[in-house]
Amino acid sequence: MTTRRLLLTILTATAITASAQQTAMPQVFIYCPGERDGLHIAQQTEAGWTDLGQLCSSDYGQWGAEKRMYHPSLARAKDGSWRLVFQVNDLSPMLAAAYSRDLVTWRPQDYPRMTTRQCLKPVVFANDEGTFDIYYKTKDGDKRWTRASADFRLFARDEQSQIDEAAWTRDTATVGGALREGCLFEVTPQELKRVTDHFEAMRQDARLSSERMHDDARNSAMPKTACEATLSLTGTEKAISDKLIGVFFEDISYAADGGLYAELIQNRDFEYTPRDHRGWTATTAWSSSQPIQVVQVDPLSANNPHYAVVGEDTIYNEGWDGIAVKQGARYDFSMFVRNVRTGEEGKAPRKDFIVQLTDSLGNVLAQAKVKTEGDAWQRYEAVLKAKQTCDKARLALIGVKAQRAGIDMVSLFPQETFMNRKNGLRKDLAETIAALKPKFVRFPGGCMSHGQGLANIYHWQHTIGPLEQRKPDFNIWNYHQTRGLGFYEYFQFCEDIGAEPLPVLAAGVPCQNSANDRNGVGGQQGGIPMEEMPAYIQELMDLIEWANGDPATSRWAKMRADAGHPAPFNLKYIGIGNEDIISTVFEERYEMICKAIRQRHPEIKICGTVGPFHTPSADYIEGWDFTRRHPELQYMVDEHYYESTGWFMHHRDYYDDYNRKLPKVYLGEYAASTQARRPNVETALAEALYLTDVERNGDVVEMTSYAPMLAKDGHHNWNPDMIYFSNTEVRPTPAYDVQRLFSLYSGDRYEATQLSGIADSLKHRLGASVVRDSKTGRRYLKLINALPVPLNLTLQGIDIPAGAIAEGFDGQPEDQSVRMKYEPLQTDGNTVVLPPYAIRVVNL
Ligand code: AHR
C-alpha cells in the first residue's frame with residue numbers, strides 16, 4: 001500500500017468515526033492489557049471505557065515461556081469481518097494473524113514466516129480489492145510489508161517498505177484507570193450485542209461449571225432428605241458403538257520407560273542427554289568410584305552411538321528410583337560387550353564380569369558371572385535369582401580384571417512379564433489395564449506423538465527392530481524414550497488384550513506448544529516442509545504395510561514377521577494429529593495425508609482432530625468446519641476436554657444435536673477434575689453421569705478414552721490420572737472403577753429411558769442407562785446418584801431379576817479410593833434405593 005493510500009485510509013476511518021459519533025454508533029476499543037492477557041474489548045459507556053472481556057489470546061509457542069501478545073492491530077474487511085495481527089515476541093521471524101467474522105469466534109492463528117528475524121509492531125490495513133497489507137518493523141528500524149489474501153491465509157514474501165511512520169499511529173483509551181493503546185472501531189448495536197451476549201453466556205456457563213459435590217452441604221439447591229424419582233423405558237432403542245470404552249496410553253509421567261515397560265535398568269543405552277532433562281548426561285543413573293568413560297568409537301549401532309568403557313571399577317545402576325526385586329523371582333540380565341584390544345597378537349581379549357543385585361547396605365541379593373571374549377560387539381546373558389525381597393536394590397557390574405571393555409544396552413527384565421513376553425510389560429500394570437477390557441488402545445500420545453518441534457515428531461519406524469538399533473529420543477514430557485516399548489510391543493499388547501490398535505501419528509506438524517527452534521521459529525514451526533511431505537506420508541503407508549501386509553511380498557511386513565509376528569496385526573484405525581491448532585499449515589498437511597491414505601488404503605479408518613478443547617474454542621470450530629468441508633476424508637474426529645465436575649454435570653446434552661451424517665466422534669482425552677487434582681468419588685461420578693449420555697449418543701460417539709492413564713509416583717507431568725503406581729504398587733482410582741464398569745457392562749444397543757418425578761434442577765445429578773449386547777443377549781442397567789441424599793428410584797418396565805448382584809461404589813465426594821461393592825440392589829418392591837454419591841450396575 002502506498003503512503004498516500006494509507007493516509008487516505010486513516011483519514012477515511014477518522015471520517016467514519018466522526019460521522020458515527022453523530023449517529024451514536026457504539027464504539028469499541030480493542031487492546032491487549034498485558035502480554036499474557038490476550039485481546040480484550042472495551043465498550044464506551046457514560047462512565048468511560050469498560051472492559052467487556054477477552055476475545056482471544058496468543059497461541060504461539062511454548063506454554064509458560066511463550067503465548068504472549070504484543071501490539072495487536074485490527075482491520076475490517078468490506079463484509080465487516082475482522083483481521084488481527086500481533087507480535088509474538090521480539091526474536092521470531094513471524095507474526096500472528098487471525099480472522100473473525102464477529103469478534104467472538106476467531107479462526108485459529110496462523111504465524112506467517114517473514115524473511116527477517118524480528119517482526120515488531122505489525123499493523124494491518126484493508127485494501128479496496130479485499131486483500132490486506134501488513135507492515136512491521138525490525139529491530140534495526142527497517143520497515144517491511146507483506147500482502148495477505150482476503151481470507152488471511154496466504155502471505156506474500158515480505159519486502160522493504162517506505163511507509164510513513166503515521167501507519168503506527170495508535171488509538172488510546174483509558175480502561176479501568178489505565179491508559180491503553182489499541183484500535184478504536186465503531187460497530188453496529190447488533191455486533192456489540194453479539195459480543196456482550198457471548199460474554200454473558202460464558203459467565204453463565206462458568207457459574208454452572210463451578211458446581212461442586214464437595215459444596216453440597218452449603219448448597220441450598222441441594223435436597224436434605226431422600227428424593228424420589230421414576231425411571232421408565234420409553235420403548236425405543238437404537239444401535240450404538242460397541243467400542244465406546246478404550247484406553248489412551250501416552251508415555252507421560254514415566255508411563256513407558258520406568259513404568260509399563262518392564263526394563264529395570266535406567267539409561268541402559270548411555271544415551272541420556274541434557275535434551276532429555278536438564279543436567280542429564282550419558283552416565284545419569286550410573287555411578288562408580290571413578291569417572292565413567294563414555295565414548296562413541298565403533299558404536300554398537302549408529303542409533304545408539306554412546307557406550308561406557310569399564311575396567312576394574314565396579315559400576316552401579318540405580319534403576320528407576322531403585323530396582324524392586326522379589327524373593328525367589330528370576331531376572332534376565334543381558335548386555336553387549338566389546339573388549340578393547342590389548343595388543344597381544346592373535347589372542348582374543350577376554351573379560352569376566354560379576355553381575356550383582358545389592359541392597360543399600362551392599363548385601364548381595366543375586367549374583368551371576370558373565371564371561372566375555374573378543375573385540376567385536378556381542379550380546380551376553382545371565383539369569384539372576386533374588387534371595388530376598390528388596391524395593392530399592394541396585395545393579396552392580398564388577399569387572400574382574402583390569403582388561404577394558406565397552407558395554408552397552410545393559411538390561412535387566414523380570415522373567416515374569418505380562419503374558420511372559422520377552423522385552424515385555426510390567427505384569428501388575430498390564431494386568432490392571434487388561435482388566436478394563438478396553439476395546440481399543442490409543443498410543444503413543446498425546447503430545448508425545450507430535451513432539452516438541454519438528455525434529456521430535458514420533459517416527460514409528462524408529463521404534464521397531466532390534467532394541468540396540470531403535471532410535472531413542474527425548475520426550476516432550478522432559479525425560480527420555482528408549483523406544484524399547486515400540487510399535488511392535490504396542491501392537492502385541494493390543495492383540496494380547498483383545499483391543500483394536502489406534503496408533504496416533506503427527507499430521508505433519510509438531511505440537512503447537514513447541515519451543516522456538518534455533519531460528520526462533522516456535523509452535524508448529526511451519527510444519528514439515530512441503531517437499532518432505534511425500535516421504536512423511538510414505539512413512540504412514542509403511543506403517544499400514546508393516547501392520548497388515550504379507551511378509552512374502554512386503555519388506556515392511558517381513559520385518560514384522562522377523563520380529564515374531566508373521567500374521568497381520570489387522571490394523572483398522574489410524575489417528576492423524578493430536579489436538580493440533582487447526583492452522584493453515586496443519587490443514588494443508590492433514591488434507592494431503594488423509595487423501596493419500598484414503599486413496600491407497602480405503603479400508604483404514606482415519607481419525608482426525610478438532611483441537612485441544614470443546615466448543616466454542618477456535619480449533620474445535622475450525623476443526624469441525626474442516627470436517628464438514630471434507631466429510632469423506634475421515635471416519636471420526638478426536639475431541640479433547642479436561643473440565644470441572646460441574647462442567648460435565650451441566651453439559652450432558654453435548655452430543656445430542658450432533659449431525660449423525662458427519663464423521664463420528666472419538667472423545668480421545670477427557671477427565672473431570674477438582675482443585676484436589678486427583679480422581680475422587682466426585683470426579684468419578686461426574687464422569688459416570690456424562691458416560692450415561694455418551695452411551696445415549698453412542699450412535700455418534702464411537703469411542704472414548706480417559707486421559708492420562710498412568711502416572712508414576714514422584715514423576716507426575718499431569719494430574720489427575722487414572723492409575724497411579726510406584727515400583728511396587730499399582731493404585732487404580734475411582735476414575736478407573738468407572739471406566740471398568742462402563743467397559744465391562746457395555747452393549748451395542750441402547751434402550752432409551754426417561755427420568756421423571758424429580759425436580760428438573762436435580763436431574764443433572766442422576767444418571768441411568770440401559771444397554772444390550774446383541775451377541776450375548778445380556779442387558780445392563782447403570783444407575784448413578786450424585787445427590788447428597790439417598791434416591792428412591794421407581795423402575796417402570798425394568799425388572800431386576802431376583803437376587804441380581806449389582807456392582808458399584810459409593811462414598812464421600814472427596815474419597816480418593818473406594819471399595820467396590822458386589823451386593824443385591826436395595827429394593828422395596830419395584831423401587832431401588834441408591835445411597836448418596838453412588839453408582840450401581842446390574843445385569844438385567
Ligand atoms: O493427556 C495429557 C496431554 O493432554 C496429552 O498429551 C495432550 O494430548 C493433552 O494436552
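Both counts, for ligands and for their atoms, begin at 1 and track the order of listing. Atoms considered below: every heavy atom in the structure, side chains included; atoms not considered: hydrogens, waters and symmetry mates.
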(request) Ignoring angles and geometry beyond distance, decide whether Cys447 reaches within less than 3.5 Å of ligand 1 through its nitrogen or oxygen atoms. (result)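 Yes; at least one N/O pair falls below 3.5 Å.
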Find all atoms of ligand 1 within a distance of less than 4.0 Å from any non-hydrogen atom belonging to [X], and give their numbers and elements.
X: Glu669; result: 1 (O), 3 (C), 4 (O), 5 (C), 7 (C), 8 (O), 9 (C)
X: Glu250; result: 1 (O), 2 (C), 3 (C), 5 (C), 6 (O)
X: Glu579; result: 7 (C), 8 (O), 9 (C), 10 (O)
X: Tyr642; result: 1 (O), 2 (C), 4 (O)

(request) Check whether any side-chain heavy atom of Leu505 sits under 4.5 Å from a side-chain heavy atom of Ile593, and report yes or no. (result)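 Leu505 vs Ile593: side chains apart.
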(request) Would you check if the distance from the ring center of Tyr490 to the ring center of Trp460 is below 6.0 Å? (result)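 Centroid distance Tyr490-Trp460: not below 6.0 Å, so no.
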(message) Aromatic contact between His716 and Tyr724, with the criterion being ring centroids under 6.0 Å apart: yes or no?
(response)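 Ring centres of Tyr724 and His716 closer than 6.0 Å.
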(request) Check Tyr641 against ligand 1 and report side chain, backbone, both or neither, counting heavy atoms closer than 4.0 Å. (result)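 Neither; no heavy atom under 4.0 Å.
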(message) Against Arg442, only a single residue in Glu250, Glu500, Met709, Glu669 fulfils side chain to side chain contact (heavy atoms under 4.5 Å, CB included); can you say which?
(response)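 It is Glu669, the one option of Glu250, Glu500, Met709, Glu669 that forms the side chain to side chain contact (heavy atoms under 4.5 Å, CB included) with Arg442.
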(message) Among residues at least two apart in sequence or on other chains, which ones pass ring pair (Phe, Tyr, Trp, His ring centres under 6.0 Å) with Tyr573?
(response)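 Tyr573 satisfies ring pair (Phe, Tyr, Trp, His ring centres under 6.0 Å) with no residue once adjacent residues are dropped.
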(request) Could you tell me whether ligand 1 has any atom less than 4.0 Å away from a heavy atom of Pro708? (result)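 Yes; Pro708 lies near enough to ligand 1 that a heavy-atom distance drops under 4.0 Å.
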(request) State whether the number of non-hydrogen atoms from other residues, nucleotides or ligands found under 6.0 Å of Arg212 atom CZ is greater than 12. (result)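 Yes, enclosed.
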